[in-house]
K.L.:
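Below is one structure. I have some questions about it.
Each chain gets a letter, A, B and so on, in the order its sequence line appears, and its residues count up from 1. Excluded from the calculations below are hydrogen atoms, water molecules and symmetry mates; all remaining heavy atoms, backbone and side chain alike, are included. Please read these numbers as outputs of a predicted model, since none were measured by experiment.
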Amino acid sequence: MVRVRIAPSPTGSPHVGTAYMGLFNLAFARSHGGRFILRIEDTDQTRSRPQYEMGIFNALRWIGLAWDEGPDIGGPHAPYRQSERTDIYRQHAGKLLELGTAYRCFCSESRLAELRERQIRDKSGAGYDGCCRNLSDDQVRANIDQHMPYVIRLKVPREGTCVINDRLRGEIRYEYAGIDDQILLKSDSFPTYHLANVVDDHLMEISHVIRGEEWLPSTPKHIQLYRAFGWDLPEFIHLPLLLNPDGSKLSKRKNPTSIEYYRDAGFLPEALLNYLGLMSYSRPNQEEKFDLDAFISDFDVDRISLGGSIFDLTKLKWLNGRYIRENHTPEDLWNTIKNWRCTDRLMSEAVRMMQPRMETIGDYFGKIGFLFSADIDLSQELLIPKKRTIDEIPPVIQTLIYQIDTITEWNAMEIERKVKEVASFWEWPIRDVTSILFGAMTGARVAPPLFDSMTLLGPDLVRRRLHTALGASGGIGKKKEAELEKKWLSRDKKADAPDTQSMV
RNA sequence: GGUCCCAUCGUCUAGAGGCCCAGGACGGCGGGCUCUCAAUCCGCUAACACGGGUUCGAAUCCCGUUGGGACCGCCA
């Protein structure tokens, strides 16, 4: 029985990479009469949020990927949310301790930080030094009695070669000597990815692990875990990555990565899904426009090519246009538009905001147009507040971008609070900052109130427009950006988590 | 820096030793159609990273070089 899964983490907006992996997993399952499972990997207590989990469900449903087992619908191996399975991981970690294939590590975070620093300085870079690997039972007992916090680490062999058999890439070899002892259970007694992922894949009887290429280097660790438990290996299939135009891994720093962005920017789910099916893949008949059923009907995992694919908006737009033209009558296109952003809820909100700013009814549509387009025309003058010069603008926009990514509750008050922080960082009157923002968001001088508008636009469209404005104002060099970020993050020691979302 | 992965037009790709002085699609350019624009149709543009092998024959196999990427967290 073929059983595959995607295992996203609810730590941000639902990522197109998740849908990409979902598509190939689903197609593989369907074409083999197997099952497609959705598992939520929310073991990072500090970054996981319920609203992000909901975002994943909604986004996957929107794009048309239906799962057979998952947190919301249950299944024979429930629960499918890792935060509800922590006992299972603790038990399994305990079992490894008994078997002697894992050990308790009492090293403090500060010792590890020092170690890392020293390794960077000496350019030795070998990871954890195995300090606690051979503690005697007495020492361990004594440490536990003193309530010293500890983690559980996997005993990775000191020598030998791990051979991965990847369906697409053949045999890949890693020397165990280059892999340090991985943490399996954190000191908060939550599992790390490695443990939870392997345990769940085994317990949920996953037959094929189809995931992003980024996981290739950690596969030896996973294989070693399977061995430590005495379990059979699944088949590994590492898919190439979705890329930014510059060839790096698709990231929201450089590109819209959120499925919600594409929805809000007016892309159709069937077009997006179709486009994803073109990434590193071509159907045997070379057809470029197809629906999910067609994709599944002749799906062949061995046709996947290995080079990463640049996620290119130009071709996506062309495809989307074809869907609009070829798959809709004017009547159902109107319905699609209504359900998109012309809802009563959004329109009445916009009317409320526009009422004081209109002289004729006709003013309405012209002035709220910015709420309904992916990109707006931007003239540079709109971005420059009175008595400021153009070269002052880009860094401010850059800090606004940093701020957007830290907002977890998307509402006007929260946005305002974050914008005020930017103003105080630059020691600017808030009016100057909002002036830039207003231009960047609306592309106009008259429009509804800024923070309300941003609320309606949503974080993804806002981020996109800030990037557009950054470019329009001349941009910021790589080096300068790095300096700025450092200054920004150290402004009061509370650095926020960086942008990572994995293609699971 | 170390380890691993990858390498065909600007982009997405076809190609599994002769069918390839490399095919399709997007884009770009030119043109037809048209009240504008778009759509549509026609044409053009543009690639096997480099160097060695193996072979009668290599985009395809092997080695090396170069280039790109990923990973090296009590994140996933």
Side-chain angles (χ1 to χ4, degrees), chain A residues 7-12 15 18 40-48 82 105 107-109 112-113 116 119-128 149-153 162 164 166 168-170 172-180 182-197 211-221 238 240-250 275-289 302-319 321-322 324-326 497-504:
Chain A
S9 302
T11 54
H15 202 280
T18 304
I40 295 293
E41 306 222 330
D42 57 347
T43 56
D44 185 344
Q45 290 283 278
T46 60
R47 298 205 307 150
S48 297
Q82 290 189 328
C105 168
C107 293
S108 66
E109 287 193 58
L112 295 177
R116 207 166 299 135
Q119 285 168 341
I120 290 169
R121 211 173 336 112
D122 308 347
K123 291 177 180 162
S124 52
Y128 182 60
Y150 64 85
V151 301
I152 295 179
R153 282 183 191 270
C162 178
I164 302 170
D166 186 90
L168 266 17
R169 293 159 211 268
I172 300 165
R173 285 155 207 285
Y174 283 91
E175 294 301 319
Y176 277 125
I179 302 167
D180 65 344
Q182 298 297 305
I183 293 177
L184 301 177
L185 210 64
K186 309 177 222 175
S187 53
D188 65 2
S189 84
F190 268 65
T192 59
Y193 168 79
H194 302 300
L195 209 222
N197 189 269
R211 62 189 355 173
E213 182 187 350
E214 50 184 346
W215 297 108
L216 209 38
S218 47
T219 306
K221 304 164 190 172
H238 288 94
L241 264 19
L242 256 24
L243 271 25
N244 295 313
D246 68 1
S248 56
K249 180 166 84 165
L250 192 65
Y275 183 65
L276 255 13
L278 253 21
M279 299 280 92
S280 295
Y281 188 75
S282 66
R283 293 186 56 208
N285 61 10
Q286 294 290 294
E287 259 173 15
E288 295 202 292
K289 182 168 175 257
D302 295 310
R303 283 188 69 82
I304 297 170
S305 61
L306 295 177
S309 315
I310 293 173
F311 192 83
D312 175 28
L313 283 291
T314 316
K315 194 159 182 176
L316 172 59
K317 281 183 188 166
W318 163 77
L319 237 198
R322 279 193 67 182
I324 287 177
R325 271 173 262 128
E326 298 169 12
D499 152 38
T500 51
Q501 175 113 25
S502 297
M503 298 185 188
V504 286

K.L.:
Rounded to the nearest 0.5 Å, how far apart are CD of A/Gln82 and CG of A/Leu195?
P.N.:
9.5 Å
K.L.:
Does any N or O in the side chain of A/Ser9 come within less than 3.5 Å of the main-chain N or O of A/Glu41, such that one atom is a donor and the other an acceptor?
P.N.:
yes
K.L.:
Could you tell me which nucleotide pairs with B/C44 by Watson-Crick or G-U wobble geometry, both distances under 3.5 Å, or answer none if nothing does?
P.N.:
B/G28
K.L.:
Could you tell me the separation between the NE2 atom of A/His238 and the P atom of B/C5, rounded to a whole number of Å?
P.N.:
12 Å
K.L.:
CZ/A/Arg211 to NE2/A/His238 distance, rounded to the nearest 0.5 angstrom?
P.N.:
4.0 Å
K.L.:
Just checking A/Cys107: base, sugar-phosphate only, or nothing, at a heavy-atom cut-off of under 4.0 Å?
P.N.:
base
K.L.:
Expressed in whole Å, how much space separates the P atoms belonging to B/A70 and B/U54?
P.N.:
37 Å
K.L.:
If you only use heavy atoms from C-beta on, which nucleotide in B/C26, B/A76, B/G69 is closest to the side chain of A/Ser248?
P.N.:
B/G69
K.L.:
Any side-chain N or O of A/Thr43 less than 4.0 Å from the OP1 or OP2 oxygen of B/C75?
P.N.:
no
K.L.:
For A/Tyr281 versus A/Ser305, what's the shortest heavy-atom pair and its separation?
P.N.:
N-OG, 4.5 Å
K.L.:
Which listed nucleotide (B/C74, B/C12, B/A14) is nearest to the side chain of A/Ile310?
P.N.:
B/C12
K.L.:
Choosing from B/A14, B/G27, B/C74, which nucleotide comes nearest the side chain of A/Ser282?
P.N.:
B/A14
K.L.:
Go through B/C26, B/C5, B/A14 for me and flag the one nearest to the A/Arg303 side chain.
P.N.:
B/A14
K.L.:
Between atom CD in A/Glu214 and atom P in B/C72, what is the gap in whole Å?
P.N.:
9 Å
K.L.:
Can you tell me how far P of B/C71 sits from CZ of A/Arg173, to the nearest Å?
P.N.:
24 Å
K.L.:
Compare every heavy atom of A/Lys221 with every heavy atom of A/Pro217, then report the nearest pair and how far apart it is.
P.N.:
O-CE, 4.2 Å
K.L.:
Can you tell me the base-pairing partner of B/C21? Count Watson-Crick or G-U wobble geometry only, both distances below 3.5 Å, and say none if there is no partner.
P.N.:
none
K.L.:
In Watson-Crick or G-U wobble terms, both distances under 3.5 Å, what is the partner of B/G64?
P.N.:
B/C50
K.L.:
Determine the Euclidean distance between corresponding C1' atoms of B/G1 and B/G18; express it in Å to zero decimal places.
P.N.:
46 Å
K.L.:
For a quick test of reading the model, state the closest non-hydrogen atom pair linking A/Met279 to A/Ile310 and the distance between them.
P.N.:
SD-O, 3.9 Å
K.L.:
Picking from B/C5, B/G24, B/U3, which would you name as closest to the side chain of A/Arg169?
P.N.:
B/C5
K.L.:
Could you pull out the protein-nucleic contacts involving nucleotides 31-38 of chain B (nitrogen or oxygen on both sides, under 3.5 Å)?
P.N.:
none

K.L.:
When both hydrogen-bonding distances must be under 3.5 Å and the geometry is Watson-Crick or G-U wobble, what is B/C4 paired with, if anything?
P.N.:
B/G69
K.L.:
OP1 or OP2 of B/C72 sitting under 4.0 Å from any side-chain N/O of A/Lys221?
P.N.:
no
K.L.:
Kindly point out which of B/A25, B/A70, B/U11 is positioned nearest to the side chain of A/Leu241?
P.N.:
B/A70
K.L.:
Output the rounded distance in Å from CG (A/Leu242) to P (B/A70).
P.N.:
13 Å
K.L.:
For side-chain contact (heavy atoms from CB on, under 4.5 Å), just list the numbers for A/Ile183 and A/Ile152, CA-CA rounded to whole Å, side-chain angles, deciding distance to a tenth of an Å, and then say yes or no.
P.N.:
CA-CA 6 Å; A/Ile183 293 177; A/Ile152 295 179; over 6 Å; no
K.L.:
Is there a side-chain polar atom (N or O) of A/Lys317 under 4.0 Å from OP1 or OP2 of B/C12?
P.N.:
no
K.L.:
Using the closest heavy atom to pick a nucleotide of RNA chain B for each, name whichever of A/Asp42 or A/Leu316 lands nearer the 5' end.
P.N.:
A/Leu316
K.L.:
Is a salt bridge present between A/Glu288 and A/Lys315, judged by a nitrogen-to-oxygen distance below 4.0 Å?
P.N.:
yes
K.L.:
Quick one: closest heavy-atom pair of A/Gly307 and A/Pro240, and the distance?
P.N.:
O-CB, 3.6 Å
K.L.:
So if I take every side-chain heavy atom of A/Glu288 and compare against B/C75, B/C6, B/G24, which nucleotide ends up nearest?
P.N.:
B/G24
K.L.:
For A/Gly307 and for A/Tyr150, find the nucleotide of RNA chain B with the closest heavy atom, then tell me which residue's nucleotide is more 5'.
P.N.:
A/Gly307
K.L.:
Between B/G24 and B/A46, how far is it from one C1' atom to the other, in whole Å?
P.N.:
14 Å
K.L.:
For A/Leu216 and B/A70, give me the distance from atom CG to atom P, rounded to whole Å.
P.N.:
14 Å
K.L.:
According to the interplanar angle, ranging from 0 to 90°, do the rings of A/Tyr275 and A/Phe311 count as parallel (below 30°), tilted (30 to 60°) or perpendicular (above 60°)?
P.N.:
perpendicular
K.L.:
A/Glu213 has an atom CD; how far is it from atom C1' of B/A7, in whole Å?
P.N.:
12 Å
K.L.:
What interatomic distance, in whole Å, is found between P of B/G52 and the corresponding atom of B/A58?
P.N.:
13 Å
K.L.:
In whole Å, what is the span from the NZ atom of A/Lys186 to the C1' atom of B/C75?
P.N.:
7 Å
K.L.:
Taking the C1' atom in each of B/A22 and B/U60, what is the distance between them to the nearest angstrom?
P.N.:
12 Å
K.L.:
Check every atom of B/G15, B/C4, B/A70 against the side chain of A/Ile172 and return the nucleotide holding the closest atom.
P.N.:
B/C4
K.L.:
What's the gap between B/U34 and B/G27 when it is taken at their C1' atoms, as a whole Å value?
P.N.:
23 Å
K.L.:
Say you pick atom C1' in B/C21 and the same atom in B/C33; how far apart are they, in whole Å?
P.N.:
36 Å
K.L.:
By nearest atom, which of the nucleotides B/A14, B/A76, B/A25 is closest to the A/Ser9 side chain?
P.N.:
B/A76
K.L.:
Among B/C12, B/G27, B/A76, which nucleotide has an atom closest to any side-chain atom of A/Leu278?
P.N.:
B/C12
K.L.:
Describe the nucleic acid contact of A/Gly178 in one word from base, sugar-phosphate, nothing, applying a heavy-atom distance below 4.0 Å.
P.N.:
nothing
K.L.:
Which heavy atom of A/Asp42 sits nearest a heavy atom of A/Pro10, and at what distance?
P.N.:
CB-CG, 3.7 Å
K.L.:
Think A/Arg322 has a side-chain N or O under 4.0 angstrom from the OP1 or OP2 of B/A25?
P.N.:
no
K.L.:
In whole Å, what separates the P atom of B/A39 from that of B/A25?
P.N.:
16 Å
K.L.:
So, is A/Lys289 near the phosphate of B/A25, with a side-chain N or O under 4.0 Å from OP1 or OP2?
P.N.:
no
K.L.:
Within this structure, what is the CD1-to-P distance between A/Ile183 and B/A76, rounded to whole angstrom?
P.N.:
10 Å
K.L.:
Given B/A70, is OP1 or OP2 found less than 4.0 Å from the side-chain N or O atoms of A/Arg211?
P.N.:
no
